[in-house]
Amino acid sequence: MPTHFLFRDDAYLAECEAVVTAVTEKDGAVGVELDRTVFYPTGGGQPGDNGWLKVDGADLPVATAVYGETKGDVVHVLAPGTAAPPIGTRVVARLDWAPRHQRMRMHTGLHLLSVVLPYPVTGGSIGAEESRLDFDIPESGLDRDVLTEKLNALIGQDAAVTDRWITDAELEANPGLVKTMAVKPPMGSGKVRLVEIAGLDLQPCGGTHVRRTGEIGRLAVSAIEKKGKQNRRVRVVFA
């Protein structure tokens, strides 16, 4: 049975009740699958969440979350030495909220960075302290202070961040929505999730975001690195 991704319904849910549907073991790591979860699995440059599974008063530490055999399943990878609860056990899945919220802020900020730099994105990574996007830019000439000012001007608009779904066919008919060159949008299920920053940006994305850009807080472009003839890596941190 596929996992119900509660984080797509509400990225601010920090915990939920769930039932263990499967227990897996791979390369010595024990994983637990649930019928529903608030844990985001590693993907799209965003790390999997960590936290706990609460069972009968005990907190079982979850080191990370990853996709299972399909993109419809989430495996909660337990910390080494932690025994998995049996199938059918009722648990409470609870996030380590602080790093998740920081990644939500960063992820939304990277969407705005792609507005400041309207070039094809060749890669990216989202962290709780630092994040980056790689751009296909023929000639650099980028200034950190100028980019920082433009980025924070967009953040300061406090624009609403919402999402909606379109069909795979609708996305294929509007290829301009796709900014990433290296990673294709999550297609194949018949529908694609679009994230919209009101008046500023619209692109396919399966990650977690804040509700308004003002919640991001100030960011600073900390470095611009040359990673090839036409590739520039732009790093951002919380200011």
Side-chain angles (χ1 to χ4, degrees), residues 1-108 110 123-131 163 165 183-193 195 204-211:
M1 178 183 296
T3 308
H4 183 186
F5 294 168
L6 295 176
F7 54 83
R8 287 186 181 163
D9 301 328
D10 183 357
Y12 288 81
L13 283 175
E15 66 176 52
C16 70
E17 295 182 351
V19 175
V20 176
T21 58
V23 175
T24 65
E25 185 171 355
K26 184 177 181 180
D27 299 328
V30 176
V32 176
E33 295 184 24
L34 306 174
D35 64 335
R36 60 209 304 260
T37 189
V38 293
F39 281 71
Y40 180 86
T42 301
Q46 182 171 330
D49 289 323
N50 63 297
W52 302 268
L53 298 182
K54 190 177 185 66
V55 184
D56 295 330
D59 287 334
L60 309 182
V62 176
T64 189
V66 297
Y67 284 109
E69 292 297 322
T70 73
K71 288 295 183 74
D73 303 310
V74 174
V75 176
H76 305 74
V77 181
L78 300 180
T82 305
I87 293 173
T89 303
R90 301 193 68 85
V91 304
V92 174
R94 179 162 54 91
L95 298 176
D96 185 354
W97 175 248
R100 152 65 96 77
H101 188 233
Q102 286 181 260
R103 289 193 287 264
M104 288 165 59
R105 293 163 60 199
M106 276 286 193
H107 198 155
T108 312
L110 290 186
S125 178
I126 300 153
E129 303 293 339
E130 178 188 81
S131 299
D163 63 80
W165 294 85
V183 180
K184 292 184 178 181
M187 298 175 64
S189 66
K191 60 181 183 178
V192 178
R193 181 171 177 257
V195 173
C205 185
T208 57
H209 304 83
V210 292
R211 294 192 179 109

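Just so you know, these numbers use all the heavy atoms, side chains as well, and skip hydrogens, waters and symmetry mates.
What you find for Val74 and Ala65 is that their closest heavy atoms are CG1-CB, 4.1 Å. Taking all atoms of both residues into account, the shortest heavy-atom contact from Pro99 to Ala128 is O-CB, 4.2 Å. The minimum heavy-atom distance between Pro85 and Val32, with the atom names listed, is CD-CG2, 4.0 Å. Nearest approach of Ala84 to Val30, heavy atoms of both residues: CB-CG1, 3.6 Å. Among all heavy-atom pairs drawn from Val192 and Pro204, the shortest one is CG1-CB, 3.9 Å. In terms of heavy atoms, Glu129 sits closest to Met106 at O-CE, 3.2 Å.
Put simply, CD on Glu17 and CG on Leu34 are 12.0 Å apart, with the number rounded to the nearest 0.5 Å. A distance of 6.0 Å separates CG in Leu53 from CZ in Phe39, rounded to the nearest 0.5 Å. Atoms CD and SG, on Gln46 and Cys205 in that order, are 7.5 Å from each other to the nearest 0.5 Å. In this structure, CD on Glu15 lies 9.0 Å from NZ on Lys54, to the nearest 0.5 angstrom. Atom CG of Asp73 sits about 5.0 Å away from atom OG1 of Thr3, to the nearest 0.5 Å. Within the model, atoms CD of Gln102 and CH2 of Trp97 stand 11.0 Å from one another, a figure rounded to the nearest 0.5 Å.
Every pair passing side-chain hydrogen bond (donor to acceptor under 3.5 Å, both in side chains) that includes a residue from residues 74-94 is listed here, sequence neighbours excluded: Thr37-His76, Asp59-Arg94.
Using a 4.5 Å cut-off on side-chain heavy atoms (C-beta onward), Val91 and Val19 make no contact. Taking the side chain as every heavy atom from C-beta outward, Asn50 and Thr64 never approach each other to under 4.5 Å. Leu60 has its side chain out of reach of Trp52: every pair of non-hydrogen atoms, C-beta onward, lies at least 4.5 Å apart. For the pair Asp49/Asp96, no side-chain contact is recorded, criterion being any heavy-atom separation below 4.5 Å from C-beta on. Between Leu78 and Pro61, the closest side-chain pair of non-hydrogen atoms is not below 4.5 Å. Between Arg103 and Pro47, some side-chain heavy-atom pair lies under the 4.5 Å cut-off.
Asp27 contributes no side-chain N or O that, together with a main-chain N or O of Ala29, makes up a donor-acceptor pair within less than 3.5 Å. With Thr108 contributing its side chain and Val210 its backbone, the two residues share a donor-acceptor pair below 3.5 Å.
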Side chain to side chain contact (heavy atoms under 4.5 Å, CB included) between Ile87 and Thr21, worked out: CA-CA 5 Å; Ile87 293 173; Thr21 58; 5.7 Å; no

Trp165 and Arg8: CA distance, side-chain angles, deciding distance, side chain to side chain contact (heavy atoms under 4.5 Å, CB included) verdict: CA-CA 11 Å; Trp165 294 85; Arg8 287 186 181 163; 4.1 Å; yes

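Evaluation of the side-chain contact (heavy atoms from CB on, under 4.5 Å) rule for Arg36 yields His4, Leu6, Cys16, Ala18 as partners, not counting sequence neighbours. Considering only residues two or more places apart in sequence or on other chains, Ala11 meets the side-chain contact (heavy atoms from CB on, under 4.5 Å) condition with Arg100, Met104, Thr208.
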